[in-house]
Amino acid sequence: MALYDIFNISGSALTAQSTRLNVTASNLANAETVSGSPETAYRARQPVFAAELQAARGGLQAPGGQGGGGVQLRGIVESDAPVQPLYQPEHPEADADGYVYRSNVNTVEEMVNMISASRSYQNNVEVMTTSRDLLLQTLQLGQ
């Protein structure tokens with residue numbers, strides 16, 4: 001692993017956490033939305049990440065031709081938790097039985113996700129800052 005791979009690894013983690021924050025923000029924005037049918041109700045989404053450690057251990061090339069680990073976004077999946085039916089016959093989107101269907105977003109879980117992603121983002125920025133400082137101090141050893 002080259003010394004500069006730490007920047008690629010932390011950079012991929014920053015991208016991953018940024019995606020996680022965007023997905024969480026989207027979930028929170030749609031937490032209180034309702035729909036006229038369970039099929040069209042908003043469902044919480046979660047990003048799926050894969051560590052690229054295997055590529056680093058096996059000497060395989062990571063995507064982009066970089067060596068060394070990192071985080072890769074494998075996709076975004078929808079939650080299969082049931083949506084919540086609410087009896088509101090006066091609602092304009094209510095079905096024939098008077099129900100609207102609320103999204104399955106759990107705001108408490110989303111807030112925890114947001115805090116966790118934010119802290120991970122901050123930690124990776126700190127790793128990059130510390131690595132840069134160490135490299136600069138190493139370069140100044142010969143002066």
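Residue numbers start at 1 and run along the sequence shown.
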At what distance, to the nearest 0.5 angstrom, does [atom1] of [X] lie from [atom2] of [Y]?
X: N8; Y: M128; atom1: CG; atom2: CE; value: 8.5 Å
X: F7; Y: S12; atom1: CZ; atom2: OG; value: 13.5 Å
X: T129; Y: L134; atom1: OG1; atom2: CG; value: 11.0 Å
X: E126; Y: Y121; atom1: CD; atom2: OH; value: 13.5 Å
X: L73; Y: T19; atom1: CG; atom2: OG1; value: 5.5 Å
X: T24; Y: I115; atom1: OG1; atom2: CD1; value: 10.5 Å

Q46/I76 under side-chain contact (heavy atoms from CB on, under 4.5 Å): CA gap, chis, key distance, verdict: CA-CA 5 Å; Q46 297 298 326; I76 297 175; over 6 Å; no

State, to 0.1 Å, how close [X] and [Y] come at their nearest heavy-atom pair, and which atoms those are.
X: A94; Y: P89; result: CB-O, 4.2 Å
X: N104; Y: A44; result: OD1-N, 2.7 Å
X: A81; Y: R43; result: O-NH1, 3.3 Å
X: S26; Y: N30; result: O-ND2, 2.9 Å
X: A50; Y: R74; result: CB-NE, 3.2 Å
X: V71; Y: A16; result: CG1-CB, 3.6 Å

Could you tell me which residues satisfy side-chain hydrogen bond (donor to acceptor under 3.5 Å, both in side chains) with S116, sequence neighbours excluded, listed by chain and number? R20

With sequence neighbours excluded, tell me which residues meet side-chain hydrogen bond (donor to acceptor under 3.5 Å, both in side chains) with T40.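 For T40 the side-chain hydrogen bond (donor to acceptor under 3.5 Å, both in side chains) partners, ignoring immediate neighbours, are S35, S37.
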
S18 side chain vs L14 backbone, donor-acceptor pair below 3.5 Å: no

So, S118 side chain and M114 main chain: donor-acceptor pair closer than 3.5 Å or not? no

Decide yes or no on side chain to side chain donor-acceptor pair (under 3.5 Å) for E109 and N27, but give the supporting numbers first. CA-CA 10 Å; E109 288 179 8; N27 286 341; over 6 Å; no

Close side-chain approach of [X] to [Y], heavy-atom, < 4.5 Å:
X: Q122; Y: V125; value: no
X: V77; Y: R45; value: no
X: L86; Y: H91; value: no
X: T130; Y: V127; value: no

Check whether more than 12 heavy atoms from other residues, nucleotides or ligands sit under 6.0 Å from atom CG of D80, and answer yes or no. no

Hydrophobic cluster of V83, others only, ordered by chain and residue number, side-chain cut-off 4.5 Å: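 Its cluster mates, by chain and number, are Y87, Y99, Y101.
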
Please tell me whether Y42 and L28 are part of a single hydrophobic cluster in this structure, the criterion being side-chain heavy atoms less than 4.5 Å apart.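 In one cluster: no.
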
